[in-house]
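Remember, it's 1-based here, ligands and their atoms both numbered in the order they're listed.
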Amino acid sequence: MRLSDDERAMLDGAEGPAVAAAMDLLVRYGEALDCERLCDVRNVAGTMTQPSPAKARLVKEGGWHKAFAVINLDCDDDIEIPDMRVPTCQLQHGFGPDADGVVPYPKESIQLQDDAEAFYGRRGVSILATCTPYQVGNLPTRGEHCAWMESSAVVYANSVLGARTNCEGTASTGAAGLTGKIPCWGNHLTENRYGTHLVDVRVPVDDFMEWGMLGYFVGDLVQEARPVIVGDIAQPDLVDLKHFGAAAATSGGVELYHIPGVTPEAPTLEAAFGGTPVPDAVSYGPRERRAVYDDINSQGSSTDVDFVLLGCPHASVEQIWRAAKALDGRRLNSSTQLWIMAPRALKAVADRSGYTETIERAGGRVLSDSCPAMSRAAPTGTRVFATDSAKQAHYLPAILGIKAWFGSLEECVDAAVTGRWSGGLR
Ligand code: F3S
């Protein structure tokens, strides 16, 4: 790997042992990929504060510096962690103090995370605490090289914003925060950003649920390749694309897609494919739509619903508002709970706007920082849950051993109020 003078100096210890360890990690990572060089990043989204038993043990043995060295730098030395070199944010992590008494979640984890926030916050890690940093002010610009984790955020950054990031890990983002560098491969390179598959949509895709099903179909179809979407699609908004990308990254491993005329690197169909021949299209029609719906809903058998989960990826203000409208004047079934996951900063907006009050009056909760899949926590006794998220319907049954129903926000709210699933494909 070719290193610039400043990279070589960091590796040689000019900026201290922690930065040297970070650079060493990046060089090892890059060389394993046959990557020729590093690129400069000024936007890192990783995870430093997430509580875990291993982290608790390391903190007890050697303090927070030790925990960062081992977990975020893959280094066993006793080194002092300096401030981050470039803007770095914390993605989603565990539940916070406001979930105490609501979510069955260990108090020790909440305390550990509180301590972590204090340590890392003082070193320049912004505690955004959401899988959707782009909803709360972290909006990289087109062409900007970043080092982000979290598959749903990575696909949004690459596709909707035109920023450039691979799906990084805990250690590489820790090292990137301290150095402002990341191996320059994969999605950082222009030649790896052109479309590979064409999907022709032949049923109207015009709302959140439809975008989620289309994303699930596309991810399953292309796996880790780069789909280009054309056809009967209405102008999507942030929420639609958030849901589409998360679903495509769930059933496959999509990190980048194009929608000609919508996403920034695809002004035309030809541009989406970088001037190479446009492949034959795969159709997404009524038959495929029905198959995707049945696939996502293949878990459900009992229509008794104990738990309803909205906000995966974390909800926008508009989604919280829609849930509040659907719940206004109603009351949850006595044996059903409703949680809406949202970025803490947007929950503050929902609080000020009265949406949270409406939701809580009905018996629901707006929670932040985490989600049931991330923290492996659902209401005690949950056997069947309903969600408007293809991603949670995919993961939560495997993580918590519960059954899932997938449908629209309104169907999910109805399930929370009646305690029964009555959704279906219209
Ligand atoms: Fe976010 Fe959890 Fe979904 S971290 S993307 S709400 S699985």
Side-chain angles (χ1 to χ4, degrees), residues 45-52 89-96 99 103 105 109 113 127-136 138 148-160 165 167-170 173 208-209 211-212 215-216 219 238-255 296 299 307-317 319-320 323 338-347 350 365-379 382 385-400 402 404 406 409 412:
T47 181
M48 285 87 184
T49 55
Q50 170 74 28
S52 70
C89 75
Q90 169 65 39
L91 294 160
Q92 74 277 9
H93 51 184
F95 282 103
V103 180
Y105 188 70
S109 297
Q113 184 166 287
I127 311 297
L128 298 187
T130 176
C131 47
T132 60
Y134 51 87
Q135 290 200 109
V136 291
N138 186 345
W148 280 25
M149 288 175 70
E150 168 51 40
S151 61
S152 68
V154 165
V155 67
Y156 194 94
N158 277 315
S159 312
V160 183
T165 179
C167 212
E168 296 294 344
T170 302
T173 49
F208 180 79
M209 179 174 159
W211 277 102
Y216 204 81
L238 178 159
V239 173
D240 297 326
L241 294 182
K242 171 167 74 86
H243 195 34
F244 171 80
T250 296
S251 56
V254 174
E255 296 179 0
I296 304 175
Q299 295 281 332
F307 172 43
V308 173
L309 174 70
L310 304 174
C312 168
H314 281 178
S316 68
V317 171
Q319 288 174 285
I320 304 172
L338 167 70
W339 297 352
I340 302 172
M341 307 309 311
R344 189 167 291 274
L346 299 190
K347 179 176 181 296
R365 298 297 294 241
V366 181
L367 296 166
S368 299
D369 296 356
S370 192
C371 75
M374 188 72 197
S375 290
R376 298 171 178 269
T382 297
F385 86 112
T387 182
D388 63 349
S389 163
K391 180 172 180 175
Q392 287 277 347
H394 179 96
Y395 283 125
L396 217 48
I399 292 173
L400 294 180
I402 60 181
F406 165 79
L409 180 146
C412 290

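- Nearby protein atoms of type N, O or S around atom 2 (Fe) of ligand 1 amount to 1 (distance under 2.8 Å).
- E150 and K391 are joined by a salt bridge, as a carboxylate oxygen and a charged side-chain nitrogen come within less than 4.0 angstrom of each other.
- Ligand 1 places these atoms under 4.0 Å from at least one heavy atom of E150: 5 (S).
- Using cut-offs of 30° and 60° for the angle between ring planes, the H243 and F208 rings count as parallel.
- Here the shortest heavy-atom pairing between C412 and L310 reads CB-CD2, 3.8 Å.
- The aromatic rings of W211 and F244 stand perpendicular to each other, their planes meeting at an angle above 60°, with 30° marking the opposite boundary.
- Across all their heavy atoms, I320 and A350 have their closest contact at CG2-CB, 3.8 Å.
- Near S152, meaning under 4.0 Å from one of its heavy atoms, ligand 1 places the atoms 5 (S).
- Centroid-to-centroid, the aromatic rings of F406 and H394 stay 6.0 Å apart or farther.
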Going through the distances and angles, do Q50 and M374 end up as a side chain to side chain contact (heavy atoms under 4.5 Å, CB included)?
CA-CA 10 Å; Q50 170 74 28; M374 188 72 197; 3.4 Å; yes
